*Asks:* 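My questions will all concern the structure given below.
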2 protein chains.
Amino acid sequence: MKYIHYMTAPTEVLDRVLHLATLVQADLARFEREQGLTTPRVHLLWVLGETGPTTQQSLAQALGVTPRNVTGLVDGLVASAHVTREPHPGDRRATLVTPTDLGTRTIADLVSSHVALAQRLFGDVPTARLATFAEVLEETTHRFAQLMEEE
Amino acid sequence: MKYIHYMTAPTEVLDRVLHLATLVQADLARFEREQGLTTPRVHLLWVLGETGPTTQQSLAQALGVTPRNVTGLVDGLVASAHVTREPHPGDRRATLVTPTDLGTRTIADLVSSHVALAQRLFGDVPTARLATFAEVLEETTHRFAQLMEEE
DNA sequence: CTACATCATGAAGTACATTCACTACATGAC
DNA sequence: GTCATGTAGTGAATGTACTTCATGATGTAG
C-alpha cells in the first residue's frame, strides 16, 4: 500500500540514525518541559556552559542565528532568571551574557542528563563494537564534511 | 595517527551521533531552500509520501502536533500548490490532503535526495562494518525505547 | 577629528505551535 | 427517528523563534 519503495541498505542505516536522533530529541524535550525551557534557550545555555560569559555576537555565531534573534532569546532567559546581562569590561557596546545561580544549576543538570543519556544508550555496548560504531561515525562525518566543502 | 586505542566514552559517541544529525539537518535545509519549503511542511509531505492521501487528523498524529497546527501547515502547502484538500469519500467532516503533481514531484525529489545522502554517507563503508554499525544502532534504539516505556 | 565598522535593539513581518470555543457531521442507544 | 456523545476541521487569541532593515551608541583606523 506504500507509494514509495526506497529501502536500500545505506538508506536503512540513515533512517536508523534519524530514528535515534528523534529519540534523543524526545529525551531533550522531557528535560525542557521539566525546566520550563525551550530548545533554542537550552541550546544557548549549553553554549554558555562551554564558553562561559559571552557576548551576544559570539552566541549568534555559535548558534547559527542572527544577533537580533539572540537578543530575544536572552530576553527570555533573563525573564526566567537563568542569565543576566553584565557590562563588558573592555567594550561598552557589548554585554556579557552570564548565567545566574539558577542558570549554572540548569546547565549542570543539562550536562549530567546528557552524560546519563549517553550511558543509557551506549553503556552496555561491548567495547569492540562501540569502537567500530564510533569509527564508522567519524569516517562518515569526516567524508561528508569534505563533500560539503566541494560545493 | 593514533597508535593507542583508547576506550571510547559513551558521551563521545553520543556527541558524534548528534554531530552527524546536525550535518544531515544541514543537507535537508539546503533542499528546503531550493524548494522554498520549511521543515514542518517537508515533514508533512514526507508523511504524505508514505501514506498517500490522508486526513488532517492522521497527519497530526503522525507528525506529533495538534490538528489545529496541521490546518496551518496544509494552508501553506495549498497556497504553494503542493497539496489540495479533497473531500473524504466516506466522511463529510474530513478532508483528504492530497499531493498535486508538483507535490508528487517534490516528494520524489525528497526521497531521491534522501537516498543520495545515504549513499554519500554510507555507500563506501565496508559491508561488515556497516552491518555492525546498523546492529549497534538497532540494539541501542530498541533498548532506549524500552527504557522510555518504563517511565 | 573623521570615517567606518561593530554591538545591541526597535519595528515590522512570517512561520510554527499551542489552547479554547465553535460548527458540521458521524454514530450508537433508545 | 431522535437524542446524546464523540470526532474533523477551523476561527480567535497567544507565545516563541526567526528574519530583514534601520538606528543609536560605541570602538578603531587614518
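Predicted model only: the values in this text are computed from it and were never measured. Protein chains get the first letters and strands the later ones, always in sequence-line order, with residue 1 at the start of each.
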*Asks:* Do we see a donor-acceptor contact under 3.5 Å between the side chains of Glu32(B) and Thr38(B)?
*Replies:* no

*Asks:* For a quick test of reading the model: is some side-chain N or O of Gln56(B) closer than 4.0 Å to OP1 or OP2 of dA8(D)?
*Replies:* no

*Asks:* Is atom CD of Glu50(A) surrounded by more than 12 heavy atoms (other residues, nucleotides or ligands) closer than 6.0 Å?
*Replies:* yes

*Asks:* What integer distance in Å separates Leu37(B):CG from dT14(C):C1'?
*Replies:* 15 Å

*Asks:* From dG27(D), dC16(C), dT9(C), pick the nucleotide closest to the side chain of Leu73(B)?
*Replies:* dC16(C)

*Asks:* Of all the choices, dT9(C), dT18(C), dA26(C), which nucleotide is nearest to the side chain of Pro67(A) once you look at every atom?
*Replies:* dT9(C)

*Asks:* Compare the minimum distances between each of dT9(C), dT26(D), dT16(D) and the side chain of Thr38(A), then state the nucleotide with the smallest one.
*Replies:* dT16(D)

*Asks:* Base, sugar-phosphate, or nothing: which does Thr55(B) touch, judged by heavy atoms less than 4.0 Å apart?
*Replies:* sugar-phosphate

*Asks:* Between Thr95(A) and dA8(C), does any side-chain N or O lie under 4.0 Å from OP1 or OP2?
*Replies:* yes

*Asks:* Return yes if some donor-acceptor pair links the side-chain N/O of Thr106(A) with the main-chain N/O of Leu102(A) below 3.5 Å, else return no.
*Replies:* yes

*Asks:* CZ of Arg41(A) versus C1' of dA17(C): gap in Å, rounded?
*Replies:* 14 Å

*Asks:* Whole angstroms only, please: what is the CG-P distance between Asn69(B) and dA12(D)?
*Replies:* 18 Å

*Asks:* Send over the distance from His88(B) NE2 to dG9(D) C1', rounded to a whole Å.
*Replies:* 13 Å

*Asks:* Output yes when at least one side-chain N/O atom of Thr71(A) is less than 4.0 Å from OP1 or OP2 of dA8(C), else no.
*Replies:* no

*Asks:* In terms of ring plane angle, is the pair His114(A) and Trp46(A) parallel, tilted or perpendicular, where the classes change at 30° and 60°?
*Replies:* perpendicular

*Asks:* Side chains of Glu86(A) and Thr95(A): donor-acceptor distance under 3.5 Å anywhere?
*Replies:* no

*Asks:* Please tell me which of Arg93(A) and Val70(A) maps to the more 5' nucleotide of DNA chain C, matching each residue to the nucleotide holding its nearest heavy atom.
*Replies:* Arg93(A)

*Asks:* Taking CG from Leu44(A) and P from dT16(D), how many angstroms apart are they, rounded to a whole number?
*Replies:* 15 Å

*Asks:* Relative to the 5' end of DNA chain C, which residue comes earlier, Pro40(B) or Asp91(B), by the nucleotide with the nearest heavy atom?
*Replies:* Pro40(B)

*Asks:* Is there a donor N/O on one and an acceptor N/O on the other, under 3.5 Å, for the side chain of Arg92(A) and the base of dT26(D)?
*Replies:* no

*Asks:* For dT9(C) and Arg85(A) - does any side-chain N or O of the residue sit under 4.0 Å from the phosphate oxygens OP1/OP2?
*Replies:* yes

*Asks:* Distance check needed: dA17(C) P versus Arg33(A) CZ, whole Å only.
*Replies:* 16 Å

*Asks:* To the nearest angstrom, how far is Gln57(A) atom CD from dA5(C) atom P?
*Replies:* 15 Å

*Asks:* Does Thr66(B) place a side-chain N or O at less than 4.0 Å from the phosphate oxygens OP1/OP2 of dA17(C)?
*Replies:* no

*Asks:* On a plain distance test, is the side chain of Arg68(A) in donor-acceptor contact with the base of dG10(C) below 3.5 Å?
*Replies:* yes

*Asks:* Using a distance-only test with no angle check, is there a side-chain donor-acceptor pair under 3.5 angstrom linking Gln57(A) and Thr55(A)?
*Replies:* no

*Asks:* In whole Å, what is the span from the CD atom of Glu32(B) to the P atom of dT14(C)?
*Replies:* 20 Å

